[in-house]
Amino acid sequence: MTPEELNQAAEREATASTVHDHVVGVCTSTACLASHSDKLKKEFDAAVKAKGLKNVRVKAVGCCGLCASGPMVYVESKANGSSEAATRTYANVASEHVPAVVESLGAAPVAALACDTTQPFFTRQHKIVLESSGVVDPERIEDSFVVGGYQALLKALTTMTPEEVVDTITRSGLRGRGGGGFPTGLKWSTVSKAVGDRKYVICNGDEGDPGAFMDRSVMESDPHRVLEGMAIAGYAVGATEGYLYVRAEYPLAVKRLKLAIKQAERAGLLGANIGGTFFSFKVDVRLGAGAFVCGEETALIASIEGRRGSPRPRPPYPAASGLWGFPTLINNVETFANIAPIVKNGAEWYAALGSGKSQGTKVFALTGKVLNTGLIEVPMGITLREIVYDIGGGPLPGHTIKAVQTGGPSGGCIPEAYLDQPVEYETLVKLGSIMGSGGLIAMDDTSCMVDVARYFMEFCMTESCGKCVPCRVGTVEMHALLTKICEGQATMTDLEQLEELCEVVKSTSLCGLGQTAPSPVISTLRYFRDEYIAHIEHKTCPAGVCSGLKSGAVKAQEVLA
Amino acid sequence: MSPTMTETTVVTLKIDDREISARSDQTVLEVAWENGLFVPALCHYEGLGDVGACRLCLVEIKGSPKLTPACVVKVTQDMEVVTQSERLAKYRRSIIELLFAERNHICSVCVSNGNCELQTLAQKLGVDHIRYPYLYPKVSVDASHSRFTLDHNRCILCARCVRACDEVEGAHVWDLFGRGVDTRLISDLGTPWGESETCTTCGKCVHICPTGALVEKGKSVAEMVHARPRFAAMARVRSSSGR
């Protein structure tokens, strides 16, 4: 498909949609599917058909964000003759509401279901990665055409050299969204300069942090954006093959990605001679088998090669010797989802967003003890307080926010007092946590920080691949010590040993999993040492979580005494 | 492996403040050992591919914020390496202690007593007691093979046997199964060793095992002596015969 043909296809689709005065979008992402939104969509279809409404289109869309209030449904209506559409968003829609919603088309909205989209949850967000999530039907490529899908790829192929693409990404300031924050442009330029008969592009969709679902949502809601980003990367670094490594626990994402690849190949936007140019790029999906460690790049590569998913020491880095020993570019789903907008709008546009050394936006899976949970995309530099109190709606009634956990099992807890700090890679590291891939868990006064540390340690312990000694055995010993503290059996000597083990495991483990496994312990010890001491010296769990211990606050004097 | 295209040169570097010359295709560990320096290692064995798993050979390299396994990093011109420091000694002791705590290593009743690399390293590193609670896992002994025994109680998962069988013997009987602390050595995808169709009974894995996990049958306490020179010769023959 040439750029002209792509424009024509987009126009054709736009024209075809003019017959629809009303579009009913039903979220069919995993969270809403869990509340039977697929059934809901069928009921909308049936209701529209029964009434013989030819001007209504019911479509399945991706994630609308406010997962806590699913199933989400929106109605886009055009006033007679006008091309401007007004949108109504409905939350918690159930089967019995279908007739009312259909009845309300062109009339007053269903007040009982109305979801206020002027609330900060919606207005404080800035969507780049999720721009088309919840707008396009992820199973129809034509829907993506209307919102500019694949325009950036063809722009890059027909008007830019690979070096210009790398340069654009470098100047945009984009950094790896998988958690490490390595400058994406630098990685691309390293792979493009590496010498190899073949090169590969890998998209890391092995999202495994507990409670995080950013990448799943992007893959489910807007798969073409990811594919487009990968193809642009392939062109930029000189790769002709790509692998999408997705965990098998994401069947819907896998299904939609496979469908999207087929559709893009049919449209000539993937495969041989893309857009009539000499560039060819093939994408294959590979499934993970449920190992968290396979999110580590060398373990992921081993897994694609069909070997045991365990990491190997770096260097050599995958950029020099990756998949089958060839230079390999490996980026996270969200990183690839940022590529097309950057190429389309230019590096300066992207670099202008954000603050410090962190540009653009970041998608977070906001969970925990706040009113609004769901998927959000915020500009870098926003404060944690704005995320928790404005977007998240603050604590549950009668409670206070105690800390925010970012970065999952590799991250740390940031106490309430530091919530005015901006969301930037460097700032979060300084606070003892990391940006991570985007899990953001709010904790209130009912959360015991020792228990939280124990939870993450249990996760690391069971997900350790077992290759290196400190991670394999050290996590087990640390978990045992944390359990002892939670049960009120520990002494101050145990705490000393825990801190020493933290240092050993952090400094000597082979890969990122082990090196960061002690982080939740280290950060909770840094800010909530009094809670550890309350458990050990006073046999008290201040949050009342640890069973078998007294609950209630320990006075500061007592802790010091 | 195909020969690398990069030219081998001679470099000079500093290890523990000693000026040393080496070939650029050598690893830091090789060079250190060649010069009589003590750097502990359990998963490394001459003639086998390195995996950097035991983390005992970690050294400090000037300019790198992280500790580096000496077995996988090649020497470079003007490199400055520190193999002995208070911090490294502490970490090495901790790792040895963690290994002892992981399985059921009872030296006094072990066939490899006195001939065990784990035991020797513990003595050299001054590990006189184990501070971490023992995990006491319930693991089995596979005595189904006619000549050898696999005792999981002594296994430290260094995977030397896996690599020796795969890289030198070419039989690939051994593999690692499971995850984390539940990782186990398995033969032929989990069938008992005695029923293995791929095992050639060559004994390489037995003679390369650093502990008493893979042993010859009929040996009593402290009687199992590993025939290391024999393995080294076999590995050399293998590597010089057209690979």
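Values below: every heavy atom of this structure, side chains too, minus hydrogens, waters and symmetry copies. In what follows, every chain begins at residue 1, and chains take the letters A, B, ... in the order their sequences are listed.
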Sub-4.5 Å heavy-atom contacts with chain A: which residues of residues 120-134 of chain B show up?
B:R131, B:Y132, B:P133

Tell me, out of B:L42, B:L56, B:D50, B:I95, who's got the most heavy-atom pairs with chain A below 4.5 Å.
B:I95

Using a 4.5 angstrom heavy-atom cutoff, name the option from B:L157, B:L67, B:L58, B:V72 with the most pairs to chain A.
B:L157

Okay, A:S310 and chain B: the region with an atom under 4.5 Å from a heavy atom over there is neither

What part of A:T475 lies closer than 4.5 angstrom to a heavy atom of chain B: side chain, backbone, both or neither?
neither

Heavy-atom pairs under 4.5 Å with chain A: which of B:C43, B:G178, B:P69, B:A159 has the most?
B:G178

Measure A:L481 against the heavy atoms of chain B and call it side chain, backbone, both or neither at under 4.5 Å.
neither

Identify the two heavy atoms, one from A:P313 and one from B:G52, that lie closest to each other, and give their separation to 0.1 Å.
CG-CA, 4.1 Å

Using non-hydrogen atoms and a 4.5 Å limit, figure out which bit of B:K74 sits close to chain A: side chain, backbone, both or neither.
neither

Name the region of A:V504, side chain, backbone, both or neither, that has any atom closer than 4.5 Å to a heavy atom of chain B.
both

Counting heavy-atom pairs under 4.5 Å to chain B, which of A:R308, A:R312, A:M461, A:E463 comes out on top?
A:R308

Within a 6.0 Å radius of atom NZ on A:K539, are there more than 12 heavy atoms belonging to other residues, nucleotides or ligands?
yes

dist B:R55:CZ -> A:S507:OG (nearest 0.5 Å) comes out at 11.0 Å

Could you tell me which non-hydrogen atom of A:E477 sits nearest to which non-hydrogen atom of B:L135, and how far apart they are?
OE2-CD2, 3.8 Å

Is any side-chain heavy atom of B:L98 less than 4.5 Å from a side-chain heavy atom of A:L501?
yes

Answer with side chain, backbone, both or neither: which region of A:E500 has an atom nearer than 4.5 Å to a non-hydrogen atom of chain B?
side chain

Flag the pair B:E97 / A:V473 as yes when at least one side-chain heavy-atom distance between them is below 4.5 Å, and no otherwise.
no

May I ask you to check whether over 12 heavy atoms, not counting those of B:F38, lie within 6.0 Å of atom CZ?
yes

